[in-house]
There are 2 protein chains.
Amino acid sequence: MSIGESHRALRDEVADQLRSWILDGTLEPGSRLGEGAISERMGVSRLPVREAFRRLEAEGLVQTAPRRGVRVAVFDQEELATIQEVRLALELIAVRKTAERRDSETMNELERVLLAGSQAAEAGDQSALKRLNGDFHELLAGGTGSRVLVALLRSVRNQAHHLVGGLVTSPEDSWSEHARVIRAVLDADAEMAALLMRRHLHDRHESQRATLTP
Amino acid sequence: MSIGESHRALRDEVADQLRSWILDGTLEPGSRLGEGAISERMGVSRLPVREAFRRLEAEGLVQTAPRRGVRVAVFDQEELATIQEVRLALELIAVRKTAERRDSETMNELERVLLAGSQAAEAGDQSALKRLNGDFHELLAGGTGSRVLVALLRSVRNQAHHLVGGLVTSPEDSWSEHARVIRAVLDADAEMAALLMRRHLHDRHESQRATLTP
DNA sequence: CTCACTTATTCTGGATACAATATCCGCCAT
DNA sequence: ATGGCGGATATTGTATCCAGAATAAGTGAG
């Protein structure tokens with residue numbers, strides 16, 4: 001099999017695949033990841049798998065015990081609360097900075113997402129809304145112009161996602177809150193955008209706590 | 001040479017060595033890190049070096065271009081400002097959480113550091129102060145009980161350190177501010193501790209900006 | 001002499017084989 | 001049952017090997 005034209009590095013491919021498997025629950029928290037099994041299942045040698053492990057380890061998605069292999073990260077309640085708190089702080093920094101910079105490309109993208117989102121909401125297109133909700137967060141991170149912040153947010157968001165198991169909020173509810181944030185950013189109202197974002201994430205956090213501690 | 005009894009994984013050793021070389025300026029920003037050269041210089045094979053690269057990459061200390069190797073990360077002014085902002089937010093979360101949890105082991109360690117620090121300050125022992133200043137930040141991160149936050153802070157702190165080149169603040173000045181924060185934490189005054197920490201980091205940030213933009 | 005093009009070397013990315021070692025699991029004896 | 005012993009398994013690390021890409025070196029033309 002030819003490696004093809006401009007194939008990405010295999011470690012990236014492997015890392016992405018593992019990440020999505022972890023996030024969508026195919027790999028349950030605490031389950032063990034044997035490098036042999038992974039490499040066999042994905043048809044690559046063990047070398048890229050090990051490199052992918054190191055990356056996921058640094059991203060906090062997996063935990064490594066020396067000589068005992070790698071397993072999907074499992075967090076306790078307190079750790080999850082901390083992650084939420086950190087995520088909130090970082091998202092606020094990001095949305096403020098994006099609203100202040102008003103990078104033209106990001107603004108155009110946000111307008112596009114806003115339009116597509118309201119159409120999808122009317123049509124009741126759940127999967128489109130889910131994707132747009134993802135775009136929303138990516139755009140707000142990217143709009144800061146900071147590669148570091150983008151990486152940190154993605155990492156923390158993954159770990160936060162890790163906790164929800166099944167998402168509690170419907171894509172429609174999420175979208176209406178997102179739309180308000182986007183409008184504030186487009187209006188260059190950084191403080192309003194931050195406030196709306198804070199409420200957005202805080203509500204979500206609360207509803208999760210409620211379901212987790214009955 | 002025998003690998004010995006309970007030696008840490010070589011990738012950790014390599015990553016630590018590279019990290020300190022980057023942080024102390026032995027490896028200048030933008031300089032290239034050939035995996036062959038590193039493995040030769042450190043007397044290990046290329047594999048642990050590559051694993052270490054992936055970790056440092058995720059920590060943001062190095063940047064990787066496909067097929068073009070890895071080089072020490074170089075950040076522009078705006079990125080550095082963002083990193084400082086993120087670090088401030090995370091340190092505040094950490095110091096508050098530590099002051100609220102009051103983990104007994106951490107409190108004991110903080111008392112020890114406080115005592116040793118005041119002695120070192122009197123004796124004018126610069127290197128001891130420098131080490132204690134490092135312990136200070138590690139303890140505040142560890143006191144949160146959150147592995148994730150510890151990892152994030154270490155990463156962000158490394159990248160912030162990355163910018164200073166030569167540190168501007170003397171260990172003594174740093175220490176006096178640190179000591180005040182420790183006392184506030186020991187007094188369970190989370191808000192006071194956070195306020196002192198904010199001022200501590202903010203001052204440092206300002207003095208750096210002053211030296212960088214003459 | 002400078003610039004572009006071609007060639008050669010180096011380096012990354014990946015695969016594979018092999019050794020060493022630590023952990024895990026089952027079996028056996030008490 | 002329980003505790004210890006020994007083999008099976010997995011991780012970790014080394015050594016080679018190869019393909020492909022990037023940089024460096026060299027060469028020729030204008």
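Numbered from 1 within each chain, the chains take letters A, B, ... in sequence-line order.
- Side-chain atoms of A/R68 lie closest to C/dT23 of the nucleotides C/dT23, D/dT23, C/dG14.
- Near DNA chain D, defined here as any heavy-atom distance below 4.0 Å, the residues from residues 47-55 of chain B are B/L47, B/P48, listed numerically.
- Within 6.0 Å of atom CZ in A/R198, 12 or fewer heavy atoms from other residues, nucleotides or ligands are found, so the atom counts as exposed in its surroundings.
- Checked by distance alone, A/R67 brings no side-chain donor or acceptor within 3.5 Å of a matching partner on the base of C/dT23.
- Between the side chain of B/R46 and the base of C/dG13, a donor-acceptor pair under 3.5 Å is found.
- Between the side chains of A/T106 and A/N108, no donor-acceptor pair is found at a separation under 3.5 Å.
- Rounded to a whole Å, the CG atom of B/L33 is 13 Å from the C1' atom of C/dT12.
- Within the 4.5 Å cutoff, the side chain of B/V62 has heavy atoms near those of the B/I22 side chain.
- By the 6.0 Å and 45° rule, A/R131 does not stack over the aromatic ring of A/W175.
- Using a 4.0 Å heavy-atom distance criterion, A/V44 is classed as a sugar-phosphate-only contact.
- In this structure the side chain of B/F75 never reaches within 4.5 angstrom of the side chain of B/T82, judged on heavy atoms.
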Can you check side chain to side chain donor-acceptor pair (under 3.5 Å) on B/E79 and B/Q159, steps first, answer last? CA-CA 10 Å; B/E79 184 79 279; B/Q159 294 173 18; over 6 Å; no
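- Among the nucleotides D/dT12, D/dT23, C/dG14, the one closest to the side chain of B/R32 is D/dT23.
- Note: CD (B/Q63) to C1' (C/dT12) measures 18 Å, nearest angstrom.
- In this entry the distance linking CZ of B/R11 with C1' of D/dT14 reads 15 Å, nearest Å.
- Take B/R87 and apply the side chain to side chain donor-acceptor pair (under 3.5 Å) test, not counting sequence neighbours, and it matches B/E91.
- Whole-Å rounding puts the B/L10 CG to D/dT11 P distance at 17 Å.
- Taking the screw axis at each terminus of the helix from C/dC1-D/dG30 to C/dT30-D/dA1 from five consecutive base pairs, the angle between the two is 10° to within rounding of 10 degrees.
- Minimum interatomic distance between A/L129 and A/P171 (heavy atoms only, all atoms of both residues): CB-CB, 4.0 Å.
- Rounded to an integer number of Å, the gap from CD of B/E35 to C1' of D/dG13 is 15 Å.
- Taking atom CD on A/E40 and atom P on D/dT11, their separation rounds to 12 Å, with Å as the unit.
- Residues A/R71 and A/L33 fail the side-chain proximity criterion, which asks for heavy atoms closer than 4.5 Å.
- Across the protein-nucleic acid pair, B/E13 atom CD and D/dG13 atom C1' stand 13 Å apart, rounded to whole Å.
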